[in-house]
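These numbers were taken from a predicted model, which means no experiment stands behind them. The chains referred to below are lettered A, B, ... by the order of the sequence lines, with proteins before strands, and numbering in each begins at 1.
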There are 2 protein chains.
Amino acid sequence: MGGVVREARSVTAKVLAMLEAFTPATPELTLSELARRADISLPTAHRRAAELVDWGALERGADGRYRVGLRLWEVASLAPRGLGLRDVAMPFLEDLYEVTHENVQLAVREGLELVFVERIAGRHAVPVLTRVGGRFALHATGVGLVLLAHAPAEVQEQALATPLHAYTAKTITDPDRLREVLAAVRRNGYSVSDGQVTLDALSVAAPIRDPRQDVIAAVSLVVRADTAAPITLAPLVQAAARGISRTLAPRPAG
Amino acid sequence: MGGVVREARSVTAKVLAMLEAFTPATPELTLSELARRADISLPTAHRRAAELVDWGALERGADGRYRVGLRLWEVASLAPRGLGLRDVAMPFLEDLYEVTHENVQLAVREGLELVFVERIAGRHAVPVLTRVGGRFALHATGVGLVLLAHAPAEVQEQALATPLHAYTAKTITDPDRLREVLAAVRRNGYSVSDGQVTLDALSVAAPIRDPRQDVIAAVSLVVRADTAAPITLAPLVQAAARGISRTLAPRPAG
DNA sequence: TTTGTCGATTCCGTTCACCGGAACGCCCCG
DNA sequence: CGGGGCGTTCCGGTGAACGGAATCGACAAA
């Protein structure tokens, strides 16, 4: 028994680790890669993967590689914070896009990061780094500032305690400065992120509230940094956000 | 040992059965409901659910109910046939929406059914039954006819062998008639479904092809049945489909 | 207040599903 | 012909997972 003892993990944990192995950069993996990334022995990975393919959570390409299956996406679409929100928001995002023809984004907070739930991008809008389903830090983007500004106190403390990554020279990395900005966001009812993610882009975001007035998401508009004064965009974004907030069904708990 | 022997299932199968328990109609479940639907004992369901919540595949609401978590949606977004396609198609779908202000849909085939990958609906468009992430039969909708017309022969045979459900009086339920329609779809390069899902709606769809010219998806436009002649919409939908096909990167296998 | 119901959670002893090492077949490359 | 990477199957040992039972809390009816 001279081998390294692999720390025991539950089957469930292993299956989830296998799903986690897929990333935007590597959406297709061989069985060996999959096993390595999930830190699972090859035979085990083979067995679990077979079950996942059988169900449809994974698919196998013609070359034998594994990728995430459409079936998983179907179930995942039931996530209330994903599609439930998206369905309500879509018409308003459409309007916003039609008026501006710029990138329109919808995001929610997940822990100390944000997740993009929807994004409308025309062919003429500024290219942005973000992807639907992608994560991002809270302190840099427009949506992030809104979500952080209205997050529970403990979340804000944790976020401010973590080193703030500087994406550009303009990114706010000083906690005290960020505190001031967040206060301004709460006062103004919208946020502006000017060159804090990429120097050539600027975003304006506004909060979406549930019927209890809690902020559950944020909409933003991303434009070229020299296109327009943020102040002229804010009313548009706020109008969309209010429209979505108003439409959110009270959905009685029963 | 007088109890009913529950057929043995793997842990993985149980976990997947739990995910499967969630439906559009019931996106939130109590632990007991979850256990019942997945046919799992309560203690086991409790243990698995705890792990899933821990990872983020499930979330617990304030009332203790379980729902699908955003984290699962994140990984599922990596499904190439889901978001990969969506990202490429979105700008074209936007254009189509902007010109028509009608429902725009994007769907792929999954077995003998289709799955809606994206849908743009303004506030003024006809209400439709379909949901993003939802499934539908292939023989009724516009996208379905396109996907079926270009599906492998064995898929077509299976689909034609299955009883064709009549959503309305106009739904094609005769296999021979359907065969003719599919041939016409292949000839014309687009499909028309007039009142075959709901009597008040009409849809026109066109095929999206990968670089090898295989049909991998379909776009459609859904309008009120009395709005316009299908023939005038076809060129618009086909143009969008061709644009998407052209943009699909050959994505070298490396 | 008492009683009953339903859901969630924890405990415990049993057991079989899952495990990793090893061996094998396959393909590609040197 | 030998080496290496990948996928697949086989096998015997073991501990993760199992269900029954008990406990607890919330709520409604009596």
Ring pair (Phe, Tyr, Trp, His ring centres under 6.0 Å) filter on B:F116, not counting sequence neighbours, yields none
Does D:dG19 have OP1 or OP2 under 4.0 Å away from a side-chain N or O of B:T44? yes
Given side-chain hydrogen bond (donor to acceptor under 3.5 Å, both in side chains), test B:R37 with B:T26 step by step and report yes or no. CA-CA 11 Å; B:R37 286 172 187 245; B:T26 58; 3.3 Å; yes
Any donor and acceptor pair, going by atom type alone, linking the side chain of B:R9 with main-chain N or O of B:A13 inside 3.5 Å? no
Is A:R123 positioned over the aromatic face of B:F92, cation under 6.0 angstrom from the ring centre and no more than 45 degrees off axis? yes
Apply salt bridge (charged side-chain N to carboxylate O under 4.0 Å, His left out) to A:E51 and list each qualifying residue two or more places apart in sequence or on a separate chain. A:R48
Please state how far atom CG in A:D39 lies from atom P in C:dC19, giving the value in whole angstrom units. 13 Å
Any chance you could list the contact pattern along nucleotides 6-13 of chain C? Use B for base contacts, S for sugar-phosphate-only contacts and - for none, protein heavy atoms under 4.0 Å, 5' to 3'. -SBBB---
Between CZ of A:R48 and C1' of C:dG20 the distance, given in whole Å, is 13 Å
Think B:K14 has a side-chain N or O under 4.0 angstrom from the OP1 or OP2 of D:dA17? no
Side-chain donor-acceptor pair under 3.5 Å between B:R47 and A:T12, yes or no? no
Within the pair A:R9 and C:dC18, is there a side-chain N or O less than 4.0 Å away from OP1 or OP2? no
